[in-house]
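Throughout, a chain's letter reflects where its sequence line sits, starting with A, and its residues are numbered from 1. Quick note: numbers below take in every heavy atom, side chains included, and nothing from hydrogens, waters or symmetry partners.
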Amino acid sequence: MPTLEELREQVDRRKEMCAQVKQLVVDRLDVPVEPQWITDDQPLFGRGLELDSVDALELVVGLEYDFAVSVTDDQLDVFGSVARLAEHIEAEL
Amino acid sequence: MVYISPLAGAYPDSVTTEIVASAEVPWVFSSVEEEYTALRQRRALFDFSHLGRIKISGRGALDFLQEQVARDITYLFPEKSLTSLMLDEEGRPFDVVVVYKVQGGYILETSVGHGAATLERLRAAAPDEVEVTDLSEELAVVGIEGPFAWEVLGRLYEPQLTGLPYQGVATIEWEGEEVRVSRTGFTGEYGYKLYLPVAAASKAWHLMLEETPPAGYAALETAMLEMRQPMLHREVGPEDNVVRCGLNWMVELDKEDYIGREALGEQAESEPDYLTVGFTAPADLDIATGSTVIAGGELEIGTVAHTVHSPTLHARIGLARTKAEWTTFGLELEVQAPDGARAPIRTVAAPFLIPFSWSVPIL
């Protein structure tokens with residue numbers, strides 16, 4: 001079981017990553033919402049931010065540009081939420 | 001008074017029921033596992049008549065409804081629905097509603113078992129020029145969800161229904177009756193609701209039953225939690241608000257003048273004290289609601305709000321409300337039962353799983 005200090009470091013890193021993903025979504029897709037109002041678990045497609053497949057392509061480009069992280073066709077799950085995207089970036093970095 | 005569906009007489013004798021809010025719902029028809037598997041792998045039939053349905057009509061219908069719901073319905077057209085929270089004056093979630101634009105007004109679909117409470121609130125607030133009509137005895141709601149739900153819909157009713165976009169609405173004629181079909185499912189799979197008069201609903205139920213097994217609310221609630229679809233009756237405690245529950249996406253801050261808007265603004269401007277996160281735990285672990293969440297073996301950071309068993313993940317999954325500074329995915333934590341026993345959990349990013357429908361094209 002990780003110590004409080006180890007957990008604190010994980011929390012800080014993941015919150016920062018989620019904040020960057022929210023900023024990316026808002027900037028790249030012109031979403032009319034303050035980034036901090038988007039929740040980590042907010043759905044991105046369909047319900048939630050109501051993004052579509054064109055937005056998904058734009059996000060893929062943004063992830064490559066901002067994080068040097070790619071998303072392949074079989075990794076649809078990364079678009080499940082902001083936190084899913086952050087999790088993917090963390091795993092790829 | 002407990003609401004009983006007009007389709008309840010059509011259920012097989014094997015059904016077990018539960019009370020959810022003010023409705024008696026079919027909980028399990030055969031077995032939760034079988035019904036869940038049908039839903040996630042092929043399709044399952046639901047009686048969604050336990051969702052309240054209320055018509056709001058009259059000259060002032062739009063303005064009245066705008067005061068009631070937390071998202072803007074100005075540009076809502078008949079071919080598209082909109083999901084929104086209704087808040088109370090303190091900015092707490094009151095109901096999750098789906099709004100449909102119809103001839104002469106709107107239909108408001110409430111969450112399960114919440115029809116009576118929402119109807120009472122609307123009737124109490126409606127001005128003279130607005131008519132609030134309860135449709136729950138006149139119309140029934142049959143649902144079908146699953147990666148191949150669209151097949152049945154296209155074949156039995158109208159081929160063009162398979163092309164219905166998410167949250168789309170179409171009106172067709174079937175058996176001489178007007179049927180409103182919406183793609184507004186709960187489980188992340190292709191999901192549809194059919195609004196139709198009670199007699200026609202009974203025919204539709206039996207027709208669809210020939211090739212689609214019925215599923216109860218036990219399987220439905222499992223699938224909903226897997227997708228983090230809000231279930232207020234399970235997730236929202238007396239101290240909770242929109243931000244704590246992570247329901248920000250179901251309200252609009254740039255919309256003004258609706259019930260709870262002022263209190264919501266205060267939530268938005270303050271640092272949150274608690275937030276919600278999903279977690280997984282060993283499948284055989286029975287975690288009581290209210291169990292304490294512990295970090296680093298020593299620090300109490302929150303409590304468990306709700307859990308279910310996920311057959312797909314072979315795990316117990318749940319939601320915890322934890323101090324905001326500790327709320328994120330991927331943390332190894334513990335839960336402590338009231339008797340002091342501790343067990344490991346891991347926080348996870350939502351949704352818990354990706355539905356099969358995401359990889360099944362509609363043909």
*Listed by residue number, which members of residues 2-11 of chain A have a heavy atom under 4.5 Å from any heavy atom of chain B?*
A:Pro2, A:Thr3, A:Leu4, A:Leu7, A:Arg8, A:Gln10, A:Val11

*So what's closer than 4.5 Å to chain A heavy atoms on B:Thr347: side chain, backbone, both or neither?*
neither

*Atom CD of A:Gln36: over 12 foreign heavy atoms under 6.0 Å*: yes

_Contacts of residues 84-93 of chain A with chain B (heavy atom under 4.5 Å)_ = A:Arg84, A:Ala86, A:Glu87

*For atom CD of B:Glu262, is the number of surrounding heavy atoms from other residues, nucleotides or ligands below 6.0 Å larger than 12?*
no

_Per-residue contacts, residues 14-21 of chain A versus chain B, heavy atoms under 4.5 Å_ = A:Arg14, A:Lys15, A:Cys18

*asked:* Rounded at 0.5 Å granularity, tell me how far CH2 in B:Trp249 sits from OG in A:Ser81.
replied: 12.0 Å

_Winner by heavy-atom pair count (cut-off under 4.5 Å) against chain A, out of B:Gly188, B:Ala268, B:Pro165, B:Pro344_ = B:Ala268

*asked:* Can you tell me how far apart OG1 (B:Thr328) and CG (A:Asp40) are? Round to the nearest 0.5 Å.
replied: 5.5 Å

*Go through the atoms of B:Glu325 and report whether side chain, backbone, both or neither lie under 4.5 Å from a heavy atom of chain A.*
both

_Spacing of A:Asp77 atom CG and B:Ser359 atom OG [to the nearest 0.5 Å]_ = 11.0 Å

*Pick one of side chain, backbone, both or neither for B:Leu333, based on which atoms fall under 4.5 Å of a heavy atom in chain A.*
both

*Mind checking side chain to side chain contact (heavy atoms under 4.5 Å, CB included) for A:Thr39 and listing every partner two or more places apart, or none if nothing turns up?*
A:Gln42, B:Asn248

_Smallest separation among heavy atoms of B:Trp358 and A:Gly80, with atom names_ = CH2-CA, 4.1 Å

*Measure the CH2-CD distance between A:Trp37 and B:Gln267 for me, rounded to the nearest 0.5 Å.*
6.5 Å

*Most heavy-atom pairs under 4.5 angstrom with chain A, which of B:Leu299, B:Thr327, B:Thr83, B:Leu253?*
B:Leu253

